[in-house]
Amino acid sequence: MGGKTGKFLGVPYDWRPLTGERVKSRWWNPDDPRWFPPKAFGWGFGFNFARLFGRRGKGSPPGE
């Protein structure tokens, strides 16, 4: 755990100051296929609500 971002024992962390862009990209990102991306700030995983509501990014093929 040497920097402001990384992984420790397989769990991600991000101690950089929050930005609106990073919060949005972690909580609502239809282009990210992960349900549980790293948190925008802190230790662990967050939740990508775009996946919950079935949103897909522009580059996703139909039916994915």
Side-chain angles (χ1 to χ4, degrees):
M1 264 178 48
K4 293 186 179 222
T5 64
K7 284 187 177 182
F8 182 72
L9 298 176
V11 179
Y13 62 91
D14 191 337
W15 300 116
R16 298 174 295 175
L18 276 176
T19 64
E21 183 65 30
R22 193 165 62 246
V23 170
K24 180 180 179 251
S25 76
R26 303 285 172 89
W27 287 10
W28 187 271
N29 187 351
D31 293 322
D32 188 346
R34 300 176 292 185
W35 283 83
F36 301 102
K39 282 187 173 182
F41 180 81
W43 178 271
F45 296 92
F47 192 80
N48 184 0
F49 288 95
R51 301 300 294 174
L52 177 66
F53 294 106
R55 301 291 194 242
R56 289 179 296 207
K58 297 172 188 153
S60 298
E64 183 181 297

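Just the heavy atoms: all of them, side chains too, but no hydrogens, waters or symmetry mates, feed the values below.
The CH2 atom of W15 lies 12.0 Å from the OG1 atom of T5; values are rounded to the nearest 0.5 Å. Atom-to-atom distance recorded for K39:NZ and F45:CZ is 10.5 Å, nearest 0.5 angstrom.
Annotation: side chain to side chain contact (heavy atoms under 4.5 Å, CB included) contacts of W28 (sequence neighbours excluded): P30, F49, A50, F53, R55.
Counting only distance, with no hydrogens or angles, the side chain of N48 and the backbone of D32 share a donor-acceptor pair below 3.5 Å. Under a 3.5 Å cut-off, the side chain of R26 and the backbone N or O of P37 do not form any donor-acceptor pair. In terms of modelled atom types and a separation under 3.5 Å, the side chain of R34 and the main chain of R51 share no donor-acceptor contact.
Under the 30°/60° scheme for interplanar angles, the aromatic rings of F8 and W43 are found to be tilted.
A 4.5 Å side-chain heavy-atom check between F47 and W35 finds at least one atom pair inside the cut-off.
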